[in-house]
Each structure stands twice: as structure tokens, then as C-alpha cells.
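What follows is a structure written as C-alpha cells; I'll ask about it next.
Please read these numbers as outputs of a predicted model, since none were measured by experiment.
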Amino acid sequence: MKRLGVFICHCGANIAGTVDVKSVAEKIGKTEDVAHSADYIYMCSEPGQQIIREAIRGKGLDGVVVACCSPSMHENTFRKAVKSQGMNPYLCEIANIREQCSWVHQKEKEEATRKAEEIIQATLEKVRRNDSLEAIAVAINRRVLVVGGGIAGITASLDLAEGGYEVILLEREPALGGHMAQLSRTFPDLDPAFSGLFLKASEVERHPKIHLHCYSELEDVKGYVGNFELVIRKKATSVDRGRCTGCGICIENCPVEYVSQFERGMGIRKAIDTLYPSSVPNKPVIYREHCRYFIDGSCHRCEEVCPEKAIDFKQEDERISEKVGAVVVATGYELYPKEQLGEYGYGEIPDVIDGLGFERMLSPNGPTKGKIIRPSDGKVPKEMVFIQCVASRDPDRYMPYCSRICCMVTAKHAKIYKEQVPDGQPYIFYMDIRSDCKGYEEFLQKTIEEKRLLYLRGRVSRVFQDDGRVRVLGVDTLTGKMVEVAADMVVLATAIVPSNGVKDLAAKLRATVDRHGFLTEAHIKLYPVESSTKGIYLAGCGQSPKDISDTVSQASATASKIQALLSTDKLLQDPLIAFVDEEICSGCGICVEICPYEAREMDPHRGISMVHSALCQGCGACIASCPNNACELRNGSASQVLRMVDTFVS
């Protein structure tokens, strides 16, 4: 008979406020094979762990149950504690009596106490039949893939490369920078955005440890943490980058012009062009959907004028195979589609633009060279309306979440507008002001006081054009009065949404997204930069809306986590995975099809299913689907589960 120990945590008042912890400890202590039963106010604390270590030594315990919070919180903490005393860590189990008991029965103390005892007894049934397991050692590749070349991807790549790790940086646009390349200045110091970005991007381009693939996408991913196999598709640029010097003669001579999306519809670009002036890399790309050569073969002008003979119309997409040990997903964001904002006139009224459009207008290298003018007629606007929370914090029609940066971006825009147009009047419609980071509140208050900005608390109901002006109808909830402003120009602070294609990318990486399409972390507090799939890490606005400071901080945190992951030659992985009873398996292949982690395949010689131990996440999908009961989970067998259930129904 095993000698078991039970340790019950009060969790302050989280558990002890509902469950009679002393009574439970006393009753559990009377169980035949329980050699030790104790309680403590915070079992996860160092004194609490010391109680467990001393009991293992003094009582010769063979297994441990810790009754506390969710195993996702402190299971590893207690496994390390028992391991330090020579006990196999997989003989330690967590009985969740907080989330599954005390928190849901706060007004039923007697019932909660009884249920807590049953949960502990059920967990004891599991421990009695647990096997001693050893962590799985997996050889690892010490290279890293970073998907996304915005400020998050740039920061993560540089941090990893400076740490000695080889990095493959993938960006689907022709140049680095993401949306930061479109910004004029950054708050709260109003520093120029492009100069700092350019230095960082140039450092990436020159770094010997970073392999940069712009105008490229991740086509396929296989494998597992430490050993991912990638297929990268490098899209044809129709320009030989080895020969091209970036002189720009081809761009000057190209006869085809079309509306630039980078300039938010306010500028033009050529069929052969760079993404933006002084882009990194500063090499042009032929956009085939606009090029006359690819449309009807009628133009060869760029080929004729190129002094380096770098134009290659026959260039095709290239597929590159790579192997890495970890992946950083830094896919950035987009703004809410303008086509779906009809009540604001966006897309129909030329003098209604979004925040990024205004940023391009303020940028020295933008379509207006930094001058604030009306897109419709080029005149300086004297009456400006800024509308916050457009498609944000609106669960009935748009997005329920706060986009976080809009309050500060609007204050920055209004400040710069007043500096450039001193006799102009900015009106700001807002719901609430959220300025929660270092220096933000001070910047906001100083701007309001010095520039005499007029803030109107309330939603805008309608924006329409009338007699050459843009009329804005809204309400000031502080005075209870309707407000109408005859504006010259309107700037919308629209919601941040995930980048296009993130859901498809997440599916390839076996990562998860929330209902809005943002990538989800493993745990919002304990594992904020890890995804639900081991080896896949998150950085930047692909996870949730955030400003540049938070984005850079998270990217550096991600790089730090990966450096720790890849610091050894082998990776130790949890052995609580599925296995196959080869004598029962009929080789039907159902488990192979249903496994969400591609951890199953058929043995072609024996005709039975096999488990890839490094890929398996122990989700149990194969166990539920197997018609012959040939699949089991280690330390989570059907017999163990049934004995646990019997505790509650007997």
C-alpha cells in the first residue's frame, strides 16, 4: 500500500472563506493510505512548499495530492517541490478546490466542504494508480522563425540575434516597418517615428544572424517545439535583388500610376515601386496586377531603362524549406474596414479619413509633405472633428473591446493640428479618456490646457456632406444637448482588428484565436507571450491592441522566453501523452484523422497507429474517438477516470 500525503491550501480566504479546510484535512487524514494530512494558508509559498518537502522526508510518502487552485497555476511549482525530495514529479496531483469548488459555492459552505472532500478523495484515486514517468527528451534546432516585420518582429529578431541565435524574419510586404512606417510622430514625446524605425530596420538588414525574407509568406508548417519544418513562399518581385542597386530609375520612368494603399488612398504609386520612400530593403517590386507587361505585354519601359539589367519578367515564386526550433508570431493589425462604417461617411465623403490617413498627411514623406489639407480641394481645414471609439466599445454593432491607443493618438493629432493651424478649432467626440501608461495622462492634460482642445463626451450619430462642409451630428452627454458641427474635415479613430490571414496562419501553426481573430495566449497572467501550442510565441498587436511601448516590451519578453527555451541541446517535454495498446489497435486510422496536432500516423508495416511523443499534447481526442478503446493517456487511463467518478456517485 502506498503512503500518500494530502496538503490543503487556504489560498487566503479564496478557499478557506467557503470551505472548512481544517475539517476536510482531519477527515482526509483518516483515510487508510493517507500517511499525512495538513493545511496551510498559502501552500504555494516557500513555507508551504517546505511543509510538503519535510513530510515527504519524514513520513516516506509515495505520492502527494495538493488541494488548491487550478493546476495551470501551480502544478509545476509543486512537482518541482516533490522532485527535490527524490519523488517522481508525476506522482504529485492537484485537486482543484478553488475554481471548481469554493468560488462556485460561496454561499453554500456545507456543500462546498463536502464537495472539496470528494474532489480530494477522487484525486487520491488517481494518484494511487499513477505511474512514475520520465520527461521526454527531444533534440532541438536553435534557429527561430519570426513572422511579421513590424516593430514587434524587428525587436524580437534583433534581441534573438544579439543573443547568438539565428533568425529567419518573414514579412509579406516588400519592406520592413509595418504600420509604424506610416506614422508621423509617437506619443507622448512626439519623437519622429520613421527615424527610429529606419535605424532598427537597417540594423536587421545588416545583421549577420538575421535572414530577411520580404514579400514572402509561410506556406506550410510541420513538426513540433524544437523541430518545426517550414515551407516559405518567396513571391516573385520580377526584380533581381542581387543586381538591383535601388537607384529608382525604373520607378521614375514607369508610366503606370494607381492609388496607393500605403498612403491610405491619398497618394499614388507606380506599377514598379518601393513600399515607401527609403524603405528597408530599398528595392522595388513589380506589382503584376497593375503592370502593363503582365496585363497585355505592351510595356517594357523599366527593363529598357534599368542600367543594371535587374528586371526579370520571367521570375517565378520560389519555395524555400527551413527548420527552426521556435516561432514568433508578430502579425500586427489592420483598421476596421471603412466599407462597413456607412454612418460616418468613410469611403464616400473625401474629407472623412481615418487615423492612419491623417498620419500620412502629417508625415514629411507623405502625400502632402506634412501639410494638413482637405483631400477634396487642398484647402487648410479650420474646423476639425476627431471622433474616437469608431467601431470600438460597441458590442451591438461592431467590436466590444477598447483599441487602447485611440485616446492618445487623437490627442496627438489634435495637438499637432493646433500647432500647424493656430486659428483652427478641433472638436473631439469621446466616450471616456483612457491614458493609463507612463507620461500619458500628463501629455493629455498639458495638451488640453495649452491647445484649448474642446472635448465633447458622447457618440456621433451621423456624418454627412452638406454645402461643401462635413456635418457631424452628436450629443454632449455632460450637458444633455445635441451637438452639430459644420466641419471642414473629420478624422476617425477606428478600431484595431487582426491582420488579414491570421486565422489561416494560426491554423497552420496549430495556434488558437479568440472570437475576434486575435491570437490567444496560454494564460493571460502566467504565460502571456506563449500560445496554446508549445514553441509558438506571440508579440505585438496580433495578440491584442497595444501601443508601441507595450509592443516592444512584449517582443523583448518573447525573445527572452525563446532564448531560455533554446539554451540547452535537448528539450524536456511532459510525458502525460497518449499511447496505443498495440494488441487491441485494429489500424482503422480514425485517431490519425482526428488528431488536431498531427501527432498520429499509421505504421505501414504493422498496420497500427503510432504516437509522435513530441507532437502529442495529451488532449484526449484520440481516446474519445477510438472504437476499440486502444488509446489511453498516461496517468489518465479510463480505469483511473472511472474510479474518480465512482467517488462522486457512490
*Are side-chain heavy atoms of Val146 and Leu169 found at a separation under 4.5 Å?*
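Side-chain contact under 4.5 Å: yes.
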
_Return the CG to OG distance between Asp547 and Ser403, rounded to the nearest 0.5 Å._
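Going from the CG atom of Asp547 to the OG atom of Ser403 covers 12.5 Å.
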
*Mind listing the closest non-hydrogen atom pair of Pro498 and His516 along with its distance?*
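Here Pro498 and His516 meet closest at CG-O, 3.4 Å.
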
*Determine which pairs satisfy ring pair (Phe, Tyr, Trp, His ring centres under 6.0 Å) with at least one residue from residues 267-295, sequence neighbours left out, and list them in order.*
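Every pair satisfying ring pair (Phe, Tyr, Trp, His ring centres under 6.0 Å) with a residue in residues 267-295: Phe194-Tyr276, Tyr258-His290, Phe262-Tyr276, Tyr293-His300, Tyr293-Phe313, Phe294-Phe313.
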
*Does Glu263 reach the main-chain N or O of Gly265 with its side chain, forming a donor-acceptor pair under 3.5 Å?*
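Answer holds: no.
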
_Applying the side chain to side chain contact (heavy atoms under 4.5 Å, CB included) criterion to Arg434, which one of Arg404, Gln388, Arg393 satisfies it?_
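Of all the options given, the one that passes is Arg393.
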
*asked:* Quick one about Thr331 and Ser499 (side-chain donor to acceptor, distance below 3.5 Å, no hydrogens or angles considered), yes or no?
replied: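 No - no donor-acceptor pair under 3.5 Å links their side chains.
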
*Apply side chain to side chain contact (heavy atoms under 4.5 Å, CB included) to Arg206 and Val204, showing your working.*
CA-CA 5 Å; Arg206 295 191 303 266; Val204 165; over 6 Å; no

*Considering all heavy atoms of both residues, which atom of Val491 and which atom of His413 are nearest to each other, and what is their separation?*
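What the structure gives for the nearest pair is CG1-ND1, 4.3 Å.
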
_Checking the side chain of His179 only, and the main-chain atoms of Tyr333 only, is there a donor and an acceptor separated by less than 3.5 Å?_
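Indeed, once roles are kept as given, a pair shorter than 3.5 Å links the two residues.
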
*Please determine, by modelled atom types, if Ser363 and Gln182 share a side-chain donor-acceptor pair under 3.5 angstrom.*
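Not at all, the side chains of Ser363 and Gln182 share no donor-acceptor pair under 3.5 Å.
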
*Would you say Thr368's side chain and Met361's backbone share a donor-acceptor pair under 3.5 angstrom?*
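A pair under 3.5 Å: yes.
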
*Is any side-chain heavy atom of Lys323 less than 4.5 Å from a side-chain heavy atom of Asn227?*
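Lys323 vs Asn227: side chains apart.
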
_Taking the basic N atoms (NZ, or NE/NH1/NH2) and the acidic carboxylate oxygens, is any pair closer than 4.0 Å for Glu219 and Arg319?_
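Result for this pair is yes, salt bridge flagged.
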
*Using the side chain to side chain contact (heavy atoms under 4.5 Å, CB included) rule, take Cys291 and Val256 through it: C-alpha gap first, then chi angles, then the decisive distance, then the call.*
CA-CA 7 Å; Cys291 178; Val256 178; over 6 Å; no

*Hey, are Glu359 and Ser184 close enough side-chain-wise for a donor-acceptor pair under 3.5 Å?*
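Glu359 and Ser184 do have a side-chain donor-acceptor pair below 3.5 Å.
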
_For Ser556, is there any backbone N or O sitting under 3.5 Å from a side-chain donor or acceptor partner on Ser560?_
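Not a single qualifying donor-acceptor pair exists.
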
_Non-hydrogen side-chain atoms of Leu170 and Glu217 separated by less than 4.5 Å_ =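 No; the side chains remain at least 4.5 Å from each other.
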
*For the residue pair Cys214 and Arg241, what are the closest heavy atoms and their distance?*
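Taking Cys214 first and Arg241 second, the nearest heavy atoms are CB-NH1, 4.5 Å.
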
*Quick check: does any side chain N or O of Lys283 sit under 3.5 Å from a backbone N or O of Cys244, one acting as donor and the other as acceptor?*
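Indeed, once roles are kept as given, a pair shorter than 3.5 Å links the two residues.
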
*Heavy-atom side-chain proximity of Ile433 to Leu444 below 4.5 angstrom*: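 SC-SC contact between Ile433 and Leu444 confirmed.
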
_Any Glu521 side-chain heavy atom under 4.5 Å of Tyr527 side chain_ =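 In short, these two side chains do not touch, never coming nearer than 4.5 Å.
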
_Trace of the side chain to side chain contact (heavy atoms under 4.5 Å, CB included) decision for Val352 with Val470_ = CA-CA 8 Å; Val352 176; Val470 183; 4.0 Å; yes

*Are Glu304 and Lys309 close enough for a salt bridge, meaning some N to O gap below 4.0 Å?*
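Answer for the salt bridge query: no.
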
*Indicate yes or no: at least one non-hydrogen side-chain atom of Val490 is less than 4.5 angstrom from one of Ile353.*
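No, too far: nothing below the 4.5 Å cut-off.
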
*Side chains of Glu308 and Thr245: donor-acceptor distance under 3.5 Å anywhere?*
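Absent: no donor and acceptor within the cut-off.
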
*Would you say the ring centroid of Tyr398 lies under 6.0 angstrom from that of Tyr336?*
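Between Tyr398 and Tyr336, the centre distance is under 6.0 Å.
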
*Would one find more than 12 heavy atoms of other residues, nucleotides or ligands at under 6.0 Å from atom CD of Glu316?*
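At most 12 heavy atoms, drawn from other residues, nucleotides or ligands, come within 6.0 Å of this atom.
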
*For the residue pair Leu190 and Phe443, establish whether any side-chain heavy-atom pair is separated by less than 4.5 Å.*
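Heavy-atom side-chain distance check passes, below 4.5 Å.
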
*Any chance the side chains of Glu530 and His523 put a donor and an acceptor closer than 3.5 Å?*
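Looking only at side-chain atoms, His523 and Glu530 do not form any donor-acceptor pair under 3.5 Å.
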
*Does any donor atom in the side chain of Lys546 or Ser544 lie under 3.5 Å from an acceptor atom in the other side chain?*
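Checked: Lys546/Ser544 side chains pair up, N/O donor to acceptor below 3.5 Å.
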
*Would you say the side chains of His211 and Glu166 form a donor-acceptor pair under 3.5 Å?*
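There is such a pair (donor and acceptor under 3.5 Å, judged by atom type) between the side chains of His211 and Glu166.
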
*Taking the side chain as every heavy atom from C-beta outward, state whether Arg510 and Leu615 have any atom pair closer than 4.5 Å.*
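Arg510 vs Leu615: side chains touch.
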
*Within 45° of the six-membered ring axis of Tyr215 and under 6.0 Å from that ring's centre, is NZ or CZ of Lys235 located there?*
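The answer is yes, since Lys235 meets both limits relative to Tyr215.
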
_Donor-acceptor pair, side chain of Asp514 and main chain of Leu519, under 3.5 angstrom_ =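 Flag not set: sc Asp514 to bb Leu519 has no pair under 3.5 Å.
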
_Show the nearest heavy-atom pair for residues Glu334 and Asn500, with the distance to one decimal._
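Shortest heavy-atom contact: CG-N, 4.2 Å.
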
_Donor-acceptor side-chain pairing of Asp312 and Ser238 below 3.5 angstrom_ =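 Side-chain D/A pair, Asp312 to Ser238: absent.
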
*Do you see a donor-acceptor pair shorter than 3.5 Å between the side chains of Ser216 and Arg172?*
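Side chains of Ser216 and Arg172: no pair found under 3.5 Å.
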
*For residues 340-358, which residue pairs qualify under salt bridge (Lys or Arg N to Asp or Glu O under 4.0 Å), counting only residues two or more places apart or in two chains?*
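Qualifying pairs, neighbours excluded: Arg264-Asp354, Glu343-Arg397, Asp351-Arg374.
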
*Over all heavy atoms of both residues, which pair between Arg269 and Ser260 is shortest? Give the atoms and the distance, please.*
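Closest pair (atom of Arg269, atom of Ser260, distance): NH1-OG, 3.8 Å.
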
_With side chain to side chain contact (heavy atoms under 4.5 Å, CB included) as the criterion, how do Asp273 and Cys254 come out once you've worked through the C-alpha distance, each side chain's angles and the decisive distance to 0.1 Å?_
CA-CA 9 Å; Asp273 213 334; Cys254 179; over 6 Å; no

*For Ser392 and Cys389, indicate whether the former's side chain and the latter's backbone hold a donor-acceptor pair under 3.5 Å.*
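A pair under 3.5 Å: no.
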
*Ignoring hydrogens and angles, state whether a donor on the side chain of Asp296 or Ser298 is under 3.5 Å from an acceptor on the partner side chain.*
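There is such a pair between these side chains.
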
*Hey, does the side chain of Lys412 reach the backbone of Thr186 with a donor-acceptor pair shorter than 3.5 angstrom?*
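No, because the side chain of Lys412 does not come within donor-acceptor range (under 3.5 Å) of the backbone of Thr186.
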
*So, for Phe187 and Tyr440, is the gap between ring centers shorter than 6.0 Å?*
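Yes: the rings meet the under 6.0 Å criterion.
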
